[in-house]
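Here is the structure we will look at, set down as structure tokens.
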Amino acid sequence: MSTEKTEREAIFSPKNVKLLTGPLNLNNPITVQVLGICSALAVTVKMKPAIVMALALMVVTAFSNLLVSFLRNGIPARIRIIVQLVIVSVLVILVDQLLKAFVFDVSKQLSVYVGLIITNCIIMGRLEAFAMANKPWPSFLDGIGNGLGYGLLLIIVAFFRELLGSGTLFGFQVIPQSLYNAGYVNNGMMILPPMALITIGVIIWVQRYYNRSLIEK
Amino acid sequence: MYSNRYIFTYAAVLVIVAAALLSLAAMLLKPFQERNLAIEKMRGILTSAQVTQANASNAIPLFNKYIVKELVIDSKGNVLNSYTKSPKEDAPAFKLNLKEELYNKSQKRPYKLPLYIAEKDGKTIYIIPMRGTGLWGPIWGNIALTSDFKRVIGVFFDDKEETPGLGGEIAKPKFQNEFIGKTIFDDNGNFTSIKVVKGGVIKLPEAQRIHGVDALSGATLTSNGVNDMLRNVLKSYLPYIKNHR
């Protein structure tokens, strides 16, 4: 009988915390891993859809990571991508149905992009790179972390696009009427996808200025 | 290495579990989703009648306030059912499935049509729901007409999957506001519908410009879809309109 006592890792050990916080900055899925760009361009015109999209993606990444990690020893290697896809699509359809039932207007705005979470490279990327090789809890944290990193960027981009493009935040007027009376106009360009790309570019620039380690030699 | 038998069993079990989960979710969430669709339908009807403050949270009270009568009519223009009670959403007209009725019409089978009558600022407004096909999927909407059925008070369009920024623009006020004040009958009382004109109404002879709006650039097929939807659906209501003009 083995007397060896496997030491259980603390739930929030430094290693696990790093899984959660890494994607927020130095390992950000959008600015560093450059995954999930297309949906970042599409849903960042307003804050509300951006936040809902970020939450939806976080739920899907976290739970698909968790499920795949639970099943990882039984998944036949030859059909593993299909198994991952089935799990991801079931979760995405569930999220879509829930949005349709409880936040209908947001689900209308997100329209096809919820369905496209299935093809969001962040999810498949994390499943293959992390969940297939790690235990459920770290995988779950990795999913939450990457969802947060994606969401953080979406929110930053949406903040600037809604503020400068529509003069509102969460639909509320924040730029005072007096400024408009003095001749200020909303920048219509900010509402269009190209400005999302440029905003992301500026964020990458600022991030690399403060984190020299990210700059490619 | 896993045996083929294992792989097949694994795949089969996985798919069955997934299917069971999804069916369960679809069944449990259906009442909530249908509620949302009904509210969305009311909002569309109100928006076309220029009750512009209608949104998801106030659509039900506003619908009950402005809509005074809901009719079900047949292909000859006879009124089959007239509903004035509250709540307005229980009316047979509101429950009619326009998609099925228009399909019946295309198959030359008997069909029924809904018609909503609103009362706003002392004026009677007739609201006709519409449905048609865009480029990628269904488009639908409502057109609100004055009590002589001639002038357009407002329209509302929505789509399922038209391209955002191109065909999807039919759901934006900018396009819909073009219809306000246009007429669907000429001065002699002939039905003209409203044409969605590629290149702009400026291309039409001056006398016909009142029966046309500018098509959306980059979205010819969706614009044609709107054009056909207006003509086809309004045509089905002509018998009723002729009797009540």
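Remember, it's a predicted structure, so these values are computed and weren't measured experimentally. Letters A, B, ... mirror the listed sequences (proteins, then strands); counts begin at 1.
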Next on the checklist: Please find the pair of heavy atoms, one from A:Pro76 and one from B:Tyr6, that lie closest to each other, and give the distance.
Outcome noted: CG-CE2, 3.7 Å
Next on the checklist: Looking at A:Phe104, is its backbone amide N or carbonyl O close enough to the side chain of B:Asn36 to form a donor-acceptor pair, meaning the two atoms are under 3.5 Å apart?
Outcome noted: no
Next on the checklist: Taking OH in B:Tyr2 as the centre, count heavy atoms belonging to other residues, nucleotides or ligands within less than 6.0 Å. Is the count above 12?
Outcome noted: yes
Checklist outcome for this item: For A:Phe102 and B:Leu29 the tightest heavy-atom approach is CE1-CD2, 3.9 Å
Next on the checklist: How close do B:Leu22 and A:Val90 get, counting heavy atoms only, and between which atoms?
Outcome noted: CD2-O, 3.9 Å
Next on the checklist: Looking at B:Lys105, I want to see if its NZ is surrounded by more than 12 non-hydrogen atoms of other residues, nucleotides or ligands under 6.0 Å.
Outcome noted: yes
Item to check | Over 12 foreign heavy atoms within 6.0 Å of NZ, B:Lys112 | outcome: no
Checklist entry - Considering residues, nucleotides and ligands other than B:Phe32, do more than 12 of their heavy atoms fall under 6.0 Å from its CZ? => result no
Checklist entry - With a 4.5 angstrom heavy-atom cut-off, which part of A:Leu98 approaches chain B: side chain, backbone, both or neither? => result both
Checklist entry - Would you call A:Val83 and B:Tyr10 a side-chain contact if the rule is heavy atoms closer than 4.5 Å? => result yes
Next on the checklist: Given heavy-atom pairs under 4.5 angstrom as the criterion, report whether the side chain, backbone, both or neither of A:Ile75 touches chain B.
Outcome noted: both
Next on the checklist: What part of B:Glu34 gets within 4.5 angstrom of chain A, counting heavy atoms only: side chain, backbone, both, or neither?
Outcome noted: neither
Checklist entry - To the nearest 0.5 Å, how far apart are NZ in B:Lys30 and CD in A:Gln97? => result 10.5 Å
Checklist entry - By a 4.5 Å heavy-atom criterion (distance strictly below it), what part of B:Asp158 contacts chain A: side chain, backbone, both, or neither? => result side chain
Item to check | Chi angles and distances behind the side-chain contact (heavy atoms from CB on, under 4.5 Å) call for B:Gln33, A:Leu99 | outcome: CA-CA 9 Å; B:Gln33 294 170 354; A:Leu99 290 180; over 6 Å; no
Checklist entry - Atom CG of B:Leu14 and atom CD1 of A:Ile87: how far apart are they, to the nearest 0.5 Å? => result 6.0 Å
Next on the checklist: Are more than 12 heavy atoms, taken from residues, nucleotides or ligands other than B:Lys120, located less than 6.0 Å from that residue's NZ atom?
Outcome noted: yes
Next on the checklist: So for atom CZ, which belongs to A:Phe160, do other residues, nucleotides or ligands contribute more than 12 heavy atoms lying within a distance under 6.0 Å?
Outcome noted: no
Checklist outcome for this item: Interatomic distance, NZ@A:Lys100 vs CG@B:Leu37, rounded to 0.5 Å, equals 9.0 Å
